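Quick one: structure below, then a few questions.
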Amino acid sequence: MSAQGGTTRDDTALQAAGVRRRQGRGVSNLAMRGLQLLLALVVLGLWELGGRAGLIDQFFFPLPSDIFATVWTWVSSGYVFPHLWVTMQESVLAFVIGAALGLFLGFLLARVRFLDRLFDPFLQMFNALPRVVLAPIFLLWFGLGIWSKVAFGVTLVFFIVFFNTLEGVKGVDRVLVDNARMLGAKESHLLRHVFVPSALTWIFSSLHISVGFAITGAVVGEYLGASAGVGYAIAQAQGVFDTRGVFAGMFILMVVVLVVDVLVNRLERYLLRWRPAR
Amino acid sequence: MSTTTPPDRRGDAAPEPALVWRGCTKTFETPGGGSYDAVRDIDLVVPAGRFVSIVGPTGSGKSTILNMAAGLLEASSGEVESFGAPVRGVNRRASYMFQQDALLPWKTVLDNVALGLTFAGVDTREAHDRARVWLERVGLKAFTDRYPHQLSGGMRKRTAIAQAWIVDPDILLMDEPFSALDVQTRQIMENELLNLWSGSGKAAVFITHDLDEAIALSDEVVILGAGPGSTVVATYEIDIPRPRDLLEIRDDPAFIDLHREIWGRLKQEVERTYAAQNERESA
Ligand SMILES: Nc1ncnc2c1ncn2[C@@H]1O[C@H](COP(=O)(O)OP(=O)(O)OP(=O)(O)O)[C@@H](O)[C@H]1O
Ligand SMILES: [Mg+2]
């Protein structure tokens, strides 16, 4: 039910968690970190050697050392920061607007059965639409500036947050609601003390995905037509067959998303501290 | 504990009973598209201040009856009255202790107990102060900052008791509140419940599978017949004097006589339920 992309990402996360738990017994955390670093170095090293030996075409797969050199140039010259700033603005706006709409409509439809039934087919229809096809029309509607990317990101974020909120609110244990009502809870109390906290678990599982999608929306939008942003920088590099630039842009985005994910994790751990440790 | 004048347990002087079920029938729709009468024509009176237990075979509609009194479930026909007024929506004079855990897992023990006050608009500081008093009363003073999953089953029940009592209801509805506990803990909880209740003047409707428990606690035991369409088949007056010592009461000759008598009747209904189940399975 949760929107596309959600399930696969969740599944891999679950599998990864399972693997981590199984291995967690034998190998200490520090040793595992060391092994991971080693693995990364081996892969990059083989890539580098393969490239230098001419086994790997350097045009399509530039040497890791060249990619890092390009990243360093972009960072040290300050070239990438204005682009990153634009992308971040678009992502944050897309996320905030999309999440707010998703939460609002999710809670509303979960609590008002009539509206849920009324809107259901339309929401399914829009959700079925591959969102990328909206990018060109948004470019026409909102121009080359940030708002076409924001609008695009919103359509991605909204559905994930919306469906997860809907499920989260509907999935609240009946007896918790009954108990609260017996203790005198009005609808607004139920929302604040029962439904929102209960839905938080779901909303958070979707938060990782929707934050990622907000950034995806911004970058894809920029790639298709923009005058600034990391997606634009990648498109520029591609335009002059600068694969190093393309890879450098990818790397920088990856790091940014990782950092954001860590922050989201922190927030999640704080807000869900009432949950039994697993 | 009884500082005020004790309420009249016979109920004939009290003009308005705490709860009256008048010809209540509840029909559920079954998944197959048919309908199923869970209870039929329930007539029952619980006077103010009286402790009434309801026993009956599984599926006889005990929870259904209680939910109608709570206002969580509407009768298909008939009506429930509480203190003279028909129950529409949630019954504001009643508290409910559920069989399952109904504490909010994301709130601490203190916040859970204070919940009813929070909903009533009491400010947080005062609500917490009053919740602390209640937590001390149920012996959980040291656990105010824990989350429910960090408590034992017995402690969660104590928290639930404090949560239900803090709003000072006139009626306590309890649906097998202690059935998930081990025998020792259950006896302790029964004792504590009785201590709280004595002299409180609150009406209590207590559902249980355990006839011992029902007799030990109550002024009156009501037997529900086997379903479908079960109804009140017998009521028994429990005239064992109070205060009662729950740890000794099971050896009391009056208790033993009552138990034999009531069990004789209850057994028939249990056997009928069992037979009906077997029939349905072989059909
Ligand atoms: N929402 C519902 N929809 C359909 N049937 C229901 C519903 N709730 C209860 N019933 C049926 O009504 C009957 C009475 O249910 P109820 O829960 O009141 O029994 P009970 O006496 O509390 O049983 P137990 O002792 O097992 O808790 C049962 O046969 C049950 O299957
Ligand atoms: Mg029941």
Side-chain angles (χ1 to χ4, degrees), chain A residues 21 103 106-107 110-114 117 161 164-207 264-278, chain B residues 63 66-67 69-73 87 89-109 111-122 124 127 131 145-151 156 159-160 162-169 171-177:
Chain A
R21 209 165 305 137
L103 285 173
F107 277 113
R111 293 304 292 157
V112 186
R113 177 113 184 79
F114 170 78
R117 288 174 55 200
V161 175
N164 278 288
T165 307
L166 196 64
E167 287 306 306
V169 174
K170 282 183 173 173
V172 174
D173 194 349
R174 179 90 233 149
V175 74
L176 296 187
V177 180
D178 284 345
N179 191 34
R181 286 179 61 209
M182 287 308 296
L183 291 168
K186 294 187 256 320
E187 186 68 21
S188 61
H189 291 133
L190 286 180
L191 200 63
R192 172 155 165 230
H193 296 278
V194 183
F195 291 119
V196 171
S198 169
L200 262 186
T201 335
W202 284 73
I203 294 167
F204 266 105
S205 67
S206 70
L207 205 56
V264 171
N265 264 332
R266 284 266 164 85
L267 186 66
E268 177 179 2
R269 216 174 311 148
Y270 174 73
L271 286 174
L272 299 184
R273 64 193 178 284
W274 51 268
R275 275 206 304 195
R278 280 170 305 170
Chain B
S63 301
L66 208 63
N67 287 334
L72 294 172
L73 199 66
V87 174
V90 165
N91 187 344
R92 303 288 331 122
R93 314 265 315 244
S95 268
Y96 200 135
M97 273 185 75
F98 293 85
Q99 180 174 358
Q100 310 94 309
D101 268 329
L103 300 174
L104 296 179
W106 43 84
K107 286 191 183 289
T108 60
V109 168
D111 283 331
N112 261 298
V113 172
L115 208 56
L117 299 179
T118 309
F119 293 156
V122 177
T124 313
D145 292 330
R146 299 263 191 117
Y147 287 98
H149 80 266
Q150 298 167 319
L151 302 178
R156 282 203 286 268
T159 312
Q163 189 185 54
W165 282 70
I166 200 169
V167 292
D168 194 22
I171 307 169
L172 291 156
L173 305 172
M174 293 169 273
D175 190 354
E176 306 187 31

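Side chains included, hydrogens not; waters and symmetry mates left out as well; all remaining heavy atoms used. Note on naming: letters A, B, ... go to the chains in the order of the sequence lines (proteins, then strands), and numbering restarts at 1 for each one. Keep in mind that what you see is a predicted model, and the values were worked out from it rather than measured.
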Under 4.5 Å from any heavy atom of chain A - which part of Gln163(B): both
Select one option (side chain, backbone, both, neither) describing which atoms of Val194(A) are under 4.5 Å from chain B's heavy atoms. both
Any residue meeting salt bridge (Lys or Arg N to Asp or Glu O under 4.0 Å) with Lys170(A), in chain and number order, not counting sequence neighbours: Asp116(A)
Ser198(A) portion near chain B, given a 4.5 angstrom heavy-atom threshold: both
Part of Tyr147(B) within contact of chain A (heavy atom distance under 4.5 Å): side chain
For Phe114(A), is the NZ or CZ atom of Arg117(A) found under 6.0 angstrom from the centre of its six-membered ring and inside 45 degrees of the ring axis? no
Structural part of Leu103(B) lying under 4.5 Å from a heavy atom of chain A: backbone
All side-chain hydrogen bond (donor to acceptor under 3.5 Å, both in side chains) counterparts of Thr108(B), not counting sequence neighbours: Asp111(B)
For Phe98(B), which atoms come within 4.5 Å of any heavy atom of chain A: side chain, backbone, both, or neither? side chain
With a 4.5 Å cut-off on heavy-atom pairs, point out which of Pro169(B), Gly116(B), Ala120(B) contacts chain A the most. Gly116(B)
Going through the checks in order, is the side-chain contact (heavy atoms from CB on, under 4.5 Å) test met by Val196(A) and Phe107(A)? CA-CA 9 Å; Val196(A) 171; Phe107(A) 277 113; 3.6 Å; yes
Looking at every heavy atom in both Met182(A) and Ala94(B), which two are closest together, and how far apart are they? CE-O, 3.6 Å
Run the numbers on Asn67(B) and Tyr96(B) for side chain to side chain donor-acceptor pair (under 3.5 Å), then give the verdict. CA-CA 9 Å; Asn67(B) 287 334; Tyr96(B) 200 135; 2.7 Å; yes
